[in-house]
There are 2 protein chains.
Amino acid sequence: MFSKSCEYAIKAMIFVAQKSNADTRVGIKEISKGTDAPEHFMAKIMQDLSRRKLIHSVKGPNGGFYMDASDLKNSIADIVKAIDGDVIYSDCVLGLKVCSEKNPCPVHFEYKEIKKSLIKMIENNTIADFNEKLDTGMYFLKNK
Amino acid sequence: MFSKSCEYAIKAMIFVAQKSNADTRVGIKEISKGTDAPEHFMAKIMQDLSRRKLIHSVKGPNGGFYMDASDLKNSIADIVKAIDGDVIYSDCVLGLKVCSEKNPCPVHFEYKEIKKSLIKMIENNTIADFNEKLDTGMYFLKNK
DNA sequence: TACTCACATGATTTAGAAAACATGATTTAT
DNA sequence: ATAAATCATGTTTTCTAAATCATGTGAGTA
Ligand code: FES
Ligand code: FES
């Protein structure tokens with residue numbers, strides 16, 4: 001569904017949202033531990049997210065990553081688009097070069113509806129939403 | 001969503017269903033051309049499908065692949081399970097090692113519904129169904 | 001029987017994603 | 001100013017899916 005990078009990115013964003021505020025930054029080590037992701041790989045992903053302005057970063061001692069109010073308004077879809085591009089939006093499930101109504105694969109119209117709800121899901125859920133959810137302690141970013 | 005192998009497998013099954021009957025077998029070359037798949041790779045996949053009894057094969061001159069009435073009753077889900085296993089059924093969208101209600105990731109419950117309709121789609125559509133669809137000439141297994 | 005056609009099987013190679021490494025740049029604290 | 005912390009950047013390695021190659025096996029035909 002999503003690339004490994006994208007999975008990590010989503011988890012990292014939710015993790016940082018949870019742990020950070022204006023004064024408290026979160027470092028790569030903590031992020032990778034909290035999300036069960038390889039540290040160096042996660043570092044790379046965080047740089048991407050930062051370059052694409054989905055998250056803020058501060059260098060030096062006591063530096064790290066954090067999110068401000070506007071960062072929290074980003075949806076999962078924004079992260080997915082930043083990391084995986086628009087494959088979710090444009091790819092054919094059966095691997096045709098282009099997915100279109102003019103040259104539809106046999107499952108195109110059935111899949112269309114599913115794709116619609118998938119997109120709705122990632123577009124309607126903001127980081128802030130997950131923030132609240134996680135506060136309940138009923139959701140996890142890694143296995144216990 | 002599906003592995004490349006699985007995409008090819010689905011297309012091949014639909015293609016053979018279309019082109020074959022008791023007397024007319026379809027060869028690897030024709031299948032790979034008709035589905036835009038690499039010949040040798042497709043050969044491998046066809047062997048898998050044949051070993052798993054999803055399709056029939058005949059060696060020698062005028063040999064090839066064909067499907068009988070009971071083969072046509074297989075669903076897309078049967079193909080997916082044969083090639084990709086149960087990843088669609090059991091994997092977590094955010095990559096947690098196990099997807100469960102006890103240790104759900106933040107999107108688990110939202111995704112659950114989508115997964116349900118996805119599974120419904122692949123389980124409710126048999127090869128025979130697609131056969132009829134393709135007859136209308138409105139569906140394609142490769143780009144024009 | 002001998003020859004050829006077409007699928008079967010296993011080994012090998014390729015390509016791209018995932019992960020790790022090495023080095024550079026910026027900030028804070030002393 | 002110096003040193004340590006931490007993110008940034010580019011390169012290299014590893015791993016696996018994808019694709020290819022080489023060879024084997026059974027069936028048909030003359
Ligand atoms: S053409 Fe296959 S999903 Fe649209
Ligand atoms: S735990 Fe992530 S989808 Fe179920």
Side-chain angles (χ1 to χ4, degrees), chain A residues 1-13 15-16 19-20 23-33 35-67 80 83-85 87 91 94-95, chain B residues 1-13 15-16 19-20 23-33 35-67 80 82-85 87 91 94-95 97:
Chain A
M1 172 80 66
F2 304 128
S3 69
K4 217 73 192 156
S5 300
C6 193
E7 290 177 5
Y8 291 149
I10 296 169
K11 292 201 274 189
M13 289 284 281
F15 184 81
V16 174
K19 296 271 180 178
S20 81
D23 309 310
T24 320
R25 289 73 173 265
V26 194
I28 288 284
K29 281 209 186 79
E30 199 179 345
I31 297 174
S32 63
K33 266 180 197 147
T35 56
D36 238 348
E39 191 179 321
H40 294 291
F41 193 25
M42 183 55 101
K44 205 102 227 171
I45 295 164
M46 295 311 291
Q47 288 157 28
D48 268 11
L49 293 173
S50 155
R51 220 176 308 129
R52 288 165 188 283
K53 314 286 184 198
L54 291 170
I55 202 168
H56 285 78
S57 72
V58 175
K59 287 184 183 178
N62 298 314
F65 299 86
Y66 71 95
M67 300 178 87
V80 173
I83 304 292
D84 280 353
V87 287
D91 268 21
L94 291 193
Chain B
M1 172 80 65
F2 304 127
S3 70
K4 217 73 192 155
S5 300
C6 193
E7 288 177 6
Y8 290 149
I10 295 169
K11 292 201 274 188
M13 288 284 282
F15 184 81
V16 174
K19 297 271 180 177
S20 82
D23 310 310
T24 320
R25 289 74 173 264
V26 194
I28 288 284
K29 280 209 186 79
E30 200 180 344
I31 297 174
S32 62
K33 266 180 197 148
T35 56
D36 239 347
E39 191 180 320
H40 293 289
F41 193 24
M42 183 55 100
K44 203 105 226 173
I45 294 164
M46 295 312 291
Q47 289 156 27
D48 267 11
L49 293 172
S50 154
R51 221 176 308 129
R52 287 166 189 282
K53 314 288 185 197
L54 291 170
I55 202 169
H56 285 77
S57 71
V58 176
K59 289 184 183 177
N62 298 313
F65 298 87
Y66 70 96
M67 299 179 86
V80 174
I83 304 292
D84 280 352
V87 287
D91 268 22
L94 291 193
K97 290 198 187 63

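Remember, predicted model here, so these are calculated numbers, not experimental data. Both backbone and side-chain heavy atoms feed into the values below; hydrogens, waters and symmetry mates do not. Sequence lines set the chain letters: A, B, ... in the order given, protein chains first and strands last, and positions in each chain run from 1.
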Can you list everything that forms a ring-ring contact (aromatic ring centres under 6.0 Å, His included) with Phe65(B)? Sequence neighbours excluded, please.
none
In the structure I gave you, are the side-chain heavy atoms of Lys97(B) and Asp36(A) within less than 4.5 Å of one another anywhere?
yes
Which atom pairs link the protein and nucleotides 9-13 of chain C when you take only N or O atoms and keep those under 3.5 Å?
from: dT9(C); atom 1: OP2; to: Arg51(B); atom 2: NE; distance (Å): 3.2
from: dG10(C); atom 1: N7; to: Lys44(B); atom 2: NZ; distance (Å): 2.6
from: dG10(C); atom 1: O6; to: Lys44(B); atom 2: NZ; distance (Å): 2.9
from: dA11(C); atom 1: N6; to: Lys44(B); atom 2: NZ; distance (Å): 3.3

Residue pair Glu39(B) / Ile28(B), side-chain heavy-atom distance below 4.5 Å
yes
Looking at Ile31(A) and Thr35(A), what are the two nearest heavy atoms and their distance?
O-OG1, 2.7 Å
Point-to-point distance, once rounded to the nearest 0.5 Å, from CD1 of Ile83(A) to NZ of Lys4(A):
14.5 Å
How long is the line joining CD1 of Ile28(A) and C1' of dC21(C), in whole Å?
15 Å
Using whole Å, report how far CD of Glu39(A) lies from P of dA19(C).
14 Å
Could you give the CG-to-P distance, from Asp36(B) to dA19(D), as a whole number of Å?
12 Å
Take atom CE of Met46(A) and atom P of dA19(C), then tell me their distance rounded to the nearest Å.
16 Å
Quick check against the 3.5 Å criterion: does Arg25(A) have a side-chain atom that pairs as donor or acceptor with the backbone of Asn62(A)?
yes
Distances under 3.5 Å only, N/O to N/O: pair up the protein atoms with those of nucleotides 14-18 of chain C.
from: dA18(C); atom 1: OP1; to: Lys4(A); atom 2: N; distance (Å): 3.0

For residues 48-55 of chain A, run the donor-acceptor check on the side chains, cut-off 3.5 Å, and write out each pair with its distance to 0.1 Å, sequence neighbours left out.
from: Asp48(A); atom 1: OD1; to: Arg51(A); atom 2: NH2; distance (Å): 3.4
from: Arg52(A); atom 1: NE; to: Ala82(A); atom 2: O; distance (Å): 3.3

Going by ring-ring contact (aromatic ring centres under 6.0 Å, His included), name the residues that satisfy it together with Tyr8(A), two or more places apart in sequence or in a different chain.
Phe41(A)
Rounded distance (Å) that lies between atom C1' of dT28(C) and atom CG of Asp23(A):
15 Å
Atom CE of Met42(A) to atom P of dT6(D): distance rounded to whole Å?
17 Å
Atom of Met46(A), atom of Ala12(A) and distance for their closest heavy-atom approach
SD-CB, 3.7 Å
Starting at NE2 of His40(B) and ending at P of dT23(D), how long is that distance when rounded to a whole Å?
14 Å
Side-chain touch Ile10(B)/Val80(B), heavy atoms, less than 4.5 angstrom:
yes
Please check the phosphate of dC7(C) (OP1 and OP2 only) for any side-chain N or O of Ser50(B) closer than 4.0 Å.
no
For dA6(C), does OP1 or OP2 lie under 4.0 Å from any side-chain N or O of Ser57(B)?
no
Where is the tightest heavy-atom contact between Phe15(B) and Val26(B), given as atom of each residue plus distance?
CE2-CG1, 3.8 Å
Using whole Å, what does the distance between atom P of nucleotide dC7(D) and atom CD of Glu30(A) come to?
10 Å
Base, backbone or nothing for each nucleotide of nucleotides 24-30 of chain D, written B, S, -, heavy atoms under 4.0 angstrom, 5' to 3'?
-BBBS--
